[in-house]
J.: 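Before I ask anything, let me first share the structure, which is written out below as structure tokens.
Note that this is a predicted model, so its numbers are computed, not measured. So that the names make sense, note that chain A is the first sequence line, chain B the second, and so on, each numbered from 1.
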Amino acid sequence: MHEMSIAMSIVEAVADRARQEGCARVTGIELVVGRLSGVVAESLRFCFDAASRSTPVEGAELSIEERDAAGSCEECGARFPVESYHASCPSCGRFRVRILSGEELAVKSITIE
Amino acid sequence: MCDTCGCSPEGGAVLRKPGAEGCHLHIGEEAGHHHHHAHDGHSHSHGHDHGHDHGHTHGQARKVEVEQEVLLKNNLLAERNRGWFEARKVLAVNFLSSPGSGKTTILEKTIPMLSGEWPVAVVEGDQQTTNDADRIHALGVPVIQVNTGTGCHLDAQMVQGAVRELELQERSLLCIENVGNLVCPAMFDLGEAARVVVISTTEGEDKPLKYPTMFHRADVCILNKTDLLPYVDFDAEKCREYAMQVNHHVEWIEVSAKTGEGMDRWKAWLTSRLERL
């Protein structure tokens, strides 16, 4: 379950940043998770509780903003929303889609004290 | 828990070298790794000291914009690996698949095909055992096993640690056999130049649709065990079509590592990449 590694990366990155800011505790984290990022938000929440235990991040409120994905067709140039990597162009029906967004997996902000 | 020295690397990976009994290394979270040799009576601590202070005062809460990739640390390390490989003209290839699709057999057949032309070294990733590394070691090429313990994938730090223990030659091939898993390893850049995903005819032809992230991020898709096609309900053309729908840039190569059928095409792909080093 890679969400555990992801959760541990978040805890580490966020704790480092809080330390740089001279703060001992993180009380909130805003994450951006694209629909094509390969991360399941629910699993991530579950793992985050375990990964943050006994760290300065323990108890922090995790808010996850899920971002929709978009692609463009390499054949006809149309732009459209996509649900997965298995996406066809709604205009020409071809499966030659370039992914434009939706792969984000980032910490947007933290609340520290 | 480590069965050689009894210490607990808390989920960290362990490196093992076939033919070097008792020598293993831990890759920890906290600044690198340390060597253990059997019976040296060492003592050490895994300094998981996060230095947090519970006696803090509740000050003013404030929000800090971070805008940082979650996997930044892994990605930076992967870029370091990539630069290191490029400087030494090493072609690093990350092999991914479900367990049992024949990654190790493909490597066992590929290595003798290249021998004399291109030096090869191998990093093997598995949760436990050195079985795969032992198979590669028998071919006489440098190999190191990464045991990820409970981990379901290799990451850039593990590869960095493993590569330090291999004496890589200039203008050579480094095969990194990832943990058998079509989900998690897709997320972790190791610094490789190419990703090769292997699927076999004993699996379902809809694997590319079920695990699109893995197939989307691959450079090559090898269909293995084509010698079994007459005996299994596997539609190779359909599988190729699905793979191309998820990733229309993917190179599709059909082989039977067992009989050698199609392996010339695979070798041609590899040597064309090696010649560009």
Side-chain angles (χ1 to χ4, degrees), chain A residues 1-33 36-40 44 54-58 74-75 82-88 94-99 103-113, chain B residues 10-12 29-30 48 50-75 148 150-155 157 179 181-188 206 208-218 241-249:
Chain A
M1 180 143 99
H2 58 288
E3 276 82 0
M4 194 63 201
S5 304
I6 305 281
M8 287 164 75
S9 301
I10 293 169
V11 168
E12 193 185 346
V14 160
D16 279 353
R17 183 59 188 262
R19 213 172 296 130
Q20 284 166 24
E21 298 282 339
C23 288
R25 263 181 65 77
V26 178
T27 56
I29 303 171
E30 281 185 308
L31 281 185
V32 175
V33 176
L36 301 181
S37 67
V39 170
V40 179
L44 187 57
S54 306
T55 75
V57 189
E58 184 169 7
E74 289 191 355
E75 293 293 319
V82 295
E83 295 290 320
S84 82
Y85 284 120
H86 187 236
S88 60
R94 301 287 296 272
F95 282 92
R96 295 181 69 84
V97 176
R98 182 198 301 271
I99 300 300
E103 295 175 313
E104 306 86 342
L105 179 59
V107 179
K108 191 176 170 194
S109 75
I110 56 175
T111 305
I112 50 181
E113 60 174 46
Chain B
E10 294 179 21
E29 277 293 302
E30 300 294 323
H48 289 274
H50 295 284
H52 54 279
D53 176 16
H54 288 291
H56 61 275
T57 52
H58 288 272
Q60 200 77 26
R62 64 191 169 96
K63 191 168 158 179
V64 179
E65 298 299 324
V66 178
E67 300 290 351
Q68 178 182 315
E69 279 177 80
V70 166
L71 291 175
L72 182 71
K73 193 179 158 195
N74 184 75
N75 294 346
T148 57
T150 55
C152 49
H153 57 269
L154 294 179
D155 64 31
Q157 188 181 22
V179 179
N181 177 341
L182 280 177
V183 184
C184 314
M187 306 281 304
F188 295 85
D206 57 352
L209 302 186
K210 286 181 172 168
Y211 303 98
T213 307
M214 178 62 78
F215 285 84
H216 182 79
R217 295 179 186 177
E241 195 181 317
Y242 289 149
M244 302 299 286
Q245 285 177 353
V246 170
N247 175 2
H248 58 280
H249 296 292

J.: What pair of heavy atoms forms the shortest contact from A61(B) to E113(A), and how long is it?
T.: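 Nearest pair, atom of A61(B) first, then E113(A): CA-CB, 3.8 Å.
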J.: Can you say whether M214(B) sits under 4.5 Å from chain A via the side chain, the backbone, both, or neither, judging by heavy atoms?
T.: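 Contact with chain A involves no heavy atom of M214(B) at all.
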J.: So, do L105(A) and M187(B) sit near enough that their side-chain heavy atoms are less than 4.5 Å apart?
T.: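 The answer is yes; the side chains approach within 4.5 Å.
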J.: For residues E21(A) and R62(B), report the shortest heavy-atom separation together with the two atoms involved.
T.: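 Closest pair (atom of E21(A), atom of R62(B), distance): O-NH2, 3.0 Å.
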J.: Rounded to the nearest 0.5 Å, how far apart are CD1 of I110(A) and CD of E65(B)?
T.: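 If I round to the nearest 0.5 Å, the distance is 10.0 Å.
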J.: Which distance, rounded to the nearest 0.5 Å, do you find between the CG of D16(A) and the CD of Q68(B)?
T.: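 Between atom CG of D16(A) and atom CD of Q68(B) there are 8.5 Å.
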J.: Non-hydrogen atoms of chain B under 4.5 Å away: do they reach the side chain of R17(A), the backbone, both or neither?
T.: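 Just its side chain gets close to chain B.
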J.: About how many Å separate NE2 of H249(B) and CZ of R98(A), when rounded to the nearest 0.5 Å?
T.: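 With rounding to 0.5 Å, CZ (R98(A)) is 6.5 Å from NE2 (H249(B)).
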J.: Between E30(A) and chain B, which part of the residue has a heavy atom less than 4.5 Å away: side chain, backbone, both or neither?
T.: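 Contact with chain B involves the side chain of E30(A) alone.
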J.: Identify which part of V97(A) has an atom lying under 4.5 Å from any heavy atom of chain B, answering side chain, backbone, both or neither.
T.: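 Backbone only.
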J.: Under a 4.5 Å cutoff for heavy-atom pairs, which residue among E67(B), K63(B), E69(B), H248(B) has the most contacts with chain A?
T.: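 Highest number of pairs under 4.5 Å: H248(B).
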J.: Less than 4.5 Å to any heavy atom of chain B: does that hold for the side chain of S37(A), its backbone, both, or neither?
T.: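 The backbone, not the side chain.
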J.: I'd like to know which of T213(B), N74(B), N247(B), V64(B) tops the heavy-atom pair count under 4.5 Å against chain A.
T.: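 Winner by heavy-atom pair count: V64(B).
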J.: Between E103(A), R96(A), E104(A), R94(A), which has the largest tally of heavy atom pairs under 4.5 Å with chain B?
T.: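 With the most close heavy-atom pairs to chain B, the winner is R96(A).
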J.: Using non-hydrogen atoms and a 4.5 Å limit, figure out which bit of F215(B) sits close to chain A: side chain, backbone, both or neither.
T.: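 Contact with chain A: none, neither part.
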J.: Let me confirm one number: the NE2-NE2 distance from H153(B) to H2(A), rounded to the nearest 0.5 Å.
T.: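 So the NE2 of H153(B) and the NE2 of H2(A) are separated by 9.0 Å.
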J.: Only one of I10(A), I6(A), V39(A) clears side chain to side chain contact (heavy atoms under 4.5 Å, CB included) with L71(B); which?
T.: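 With L71(B) as partner, I10(A), I6(A), V39(A) yield a single side chain to side chain contact (heavy atoms under 4.5 Å, CB included), made by I6(A).
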J.: Could you check whether the rings of Y85(A) and H216(B) sit parallel, tilted or perpendicular, using 30° and 60° as the cut-offs?
T.: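 Parallel: the ring planes of Y85(A) and H216(B) meet at under 30°.
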J.: Using every non-hydrogen atom in the two residues, find where R217(B) and L36(A) come nearest and quote the distance to one decimal.
T.: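 Looks like NH2-O, 3.4 Å.
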J.: Might you confirm whether atom CD of E74(A) has over 12 heavy atoms from other residues, nucleotides or ligands at distances under 6.0 Å?
T.: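 Yes.
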J.: With a 4.5 angstrom heavy-atom cut-off, which part of L31(A) approaches chain B: side chain, backbone, both or neither?
T.: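 Only the side chain of L31(A) comes within 4.5 Å of chain B.
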